[in-house]
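Remember, predicted model here, so these are calculated numbers, not experimental data.
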Amino acid sequence: MERIQLFPIVCCYFLFILSLVLDVRVTLAQSLGLQDQFVLRSSHLGIVSDRAQVVAEGDFQTALRSSVTNTYLINDVYTVDLEQRVTELLLTYGANQDTQLDLVLPLAWRGGGVFDHGIREWHQWWGLPSADRDDVKNNQYLVEGETDKGTFNIPQTGFGFSNVNLRVKQRLSSFSEGLSDLVVSTALTLSLPTASPGFGHDAVDASFEILGGIRSGSWEFNSGLGFVMLWDRFEQGLEYRPLVPQSFLSAVYKPVEYLALTAALLGGVQPLNNVYGVPDGYVVLDLGASLQLGERNSCGLNVTENPYPSRASADVTVSLSCSRQW
């Protein structure tokens, strides 16, 4: 069973090794960021960190990202105790000098997982608060709670397909002088009703964003502000808002040519609308690094946490990525 659960991570390593063998050029930094993986939000589209810049005309890139998310959140109203793993295939194409197309194909696994014991030991080693993890058994799955009109329950476990996302990014203007660049773009994303039952939404979600980016020397900053529109608002007892403002702010620093350090803050209005004790907003912090191996290959590692623990968020998400340009 554990071998099956680790299948997405094995796939990620396999593609990275394959890219080394094929000796193809890798451009990891262009890949879209990972969506917030809190299970009560991740069934719907959310804004992710991205660059305002678009890829060059005719460029075609493929990327594979595998993530593991552990969540333990128990209070008087709801219980969210699970582990989920998501593998995403990301395809990017430069349609012309100002237009970029993205396609995201996700496969998810959801269950009790295997990392609860390791997280508990980690907290004990560093003297971190355990959030009452010692009071429950390891590796259980339970997602249920009360709403303002009854209860909700997400019983689906195992493998399932999540929603396929289509994204069009249009560069509106750009300015370059020396080592500095300034870019303004817009992005439209459609999340299609392709998910397995219980692993996504059953109607089209859409988002519209305005992106801005500036690069100066070894630094690059990007920001985005937009709205997510949800048509499938009722799922398994949960109710979602029809219009959700969200935003992000990210920074990339390259101390040397082959290493990039990244940090991003994502947040906005809470999509959930009928669960007691869930705050009106949320913030997620993502930290990462990508390493270029030789001239044509690189790999990346990201860790995502909520700066405000126990406030309707996943405990931690760790993701491994690799990508290549054809």
What are the two closest heavy atoms between [X] and [Y], and how far apart are they?
X      : Y      : value
Glu235 : Ser43  : OE1-OG, 3.3 Å
Leu230 : Val228 : CD2-CG1, 3.6 Å
Ala52  : Lys169 : O-CD, 4.2 Å
Leu107 : Gly160 : CD1-O, 3.6 Å
Ala187 : Leu211 : CB-CD1, 4.2 Å

Side chain to side chain, [X] and [Y], heavy atoms closer than 4.5 Å:
X      : Y      : answer
Thr151 : Asn153 : no
Gln37  : Val86  : yes
Ser216 : Phe221 : no
Val39  : Val80  : yes
Thr262 : Ser290 : no
Tyr93  : Asp59  : no
Leu90  : Leu64  : no

In Å, rounded to the nearest 0.5 Å, how long is the span from [atom1] of [X] to [atom2] of [Y]?
X      : Y      : atom1 : atom2 : value
Asn222 : Ser49  : CG    : OG    : 9.0 Å
Leu320 : Cys299 : CG    : SG    : 7.0 Å
Thr71  : Tyr141 : OG1   : OH    : 10.5 Å
Arg65  : Thr87  : CZ    : OG1   : 10.5 Å
Asp50  : Phe248 : CG    : CZ    : 6.0 Å
Leu34  : Ser67  : CG    : OG    : 5.0 Å

Report yes or no: is the cationic atom of Arg41 (NZ for Lys, CZ for Arg) closer than 6.0 Å to the six-membered ring centre of Tyr282, at no more than 45° off its axis?
->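 Yes.
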
Just one of Thr186, Asp98, Thr99 clears the side-chain hydrogen bond (donor to acceptor under 3.5 Å, both in side chains) bar with Gln170, so which one?
->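 Passing option: Thr99.
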
Take Leu265 and Val283, measure what side chain to side chain contact (heavy atoms under 4.5 Å, CB included) needs, and give me the verdict at the end.
-> CA-CA 7 Å; Leu265 275 175; Val283 177; 3.7 Å; yes

Can you tell me if [X] and [Y] form a side-chain donor-acceptor pair at under 3.5 Å?
X     : Y      : result
Thr92 : Asp102 : yes
Thr69 : Thr317 : yes
Asp81 : Gln140 : yes

[X] atom [atom1], over 12 foreign heavy atoms within 6.0 Å:
X      : atom1 : value
Phe234 : CZ    : yes
Asp148 : CG    : yes
Ile210 : CD1   : no

Kindly determine whether Arg233 and Trp231 satisfy side chain to side chain contact (heavy atoms under 4.5 Å, CB included), including the steps that lead there.
-> CA-CA 6 Å; Arg233 297 179 50 213; Trp231 276 272; over 6 Å; no

Check against side chain to side chain contact (heavy atoms under 4.5 Å, CB included), Glu209 and Ser207 = CA-CA 7 Å; Glu209 306 157 55; Ser207 70; 3.5 Å; yes

State whether the side chain of [X] and the backbone N or O of [Y] hold a donor-acceptor pair below 3.5 Å, judged by distance alone.
X      : Y      : result
Gln246 : Ile47  : yes
Arg171 : Gln97  : yes
Asn163 : His201 : yes
Thr194 : Val164 : yes
Asn273 : Arg241 : no
Lys254 : Gly217 : no
Ser196 : Phe161 : yes
Asp315 : Tyr72  : yes
Asn274 : Leu238 : no
Gln100 : Val55  : yes

Show your working on salt bridge (Lys or Arg N to Asp or Glu O under 4.0 Å) between Arg110 and Glu83 and close with a plain yes or no.
-> CA-CA 6 Å; Arg110 185 190 297 156; Glu83 192 169 290; over 6 Å; no

Would Asn165 and Thr189 count as a side chain to side chain donor-acceptor pair (under 3.5 Å) if you check the C-alpha gap in whole Å, the side-chain angles of each, and the deciding distance to 0.1 Å?
-> CA-CA 7 Å; Asn165 292 342; Thr189 304; over 6 Å; no

Taking a hydrophobic cluster as the set of Ile, Leu, Val, Met, Phe, Trp and Tyr residues connected by side-chain heavy atoms closer than 4.5 Å, whether directly or through intermediates, do [X] and [Y] fall within one such cluster?
X      : Y      : result
Val284 : Val252 : no
Val48  : Leu225 : no
Phe227 : Leu166 : no
Leu45  : Leu188 : no
Phe208 : Val184 : no

Using 4.0 Å as the upper bound for N to carboxylate O, is an ion pair formed by Arg51 and Glu220?
->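 Arg51 and Glu220: salt-bridged.
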
Can Val303 and Val316 be said to form a side chain to side chain contact (heavy atoms under 4.5 Å, CB included), step by step?
-> CA-CA 7 Å; Val303 178; Val316 62; 3.9 Å; yes

Once the angle between the rings of Phe152 and Tyr78 is folded into 0 to 90°, is it parallel (under 30°), tilted (30 to 60°) or perpendicular (over 60°)?
->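 Aromatic pair Phe152/Tyr78 classed tilted.
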
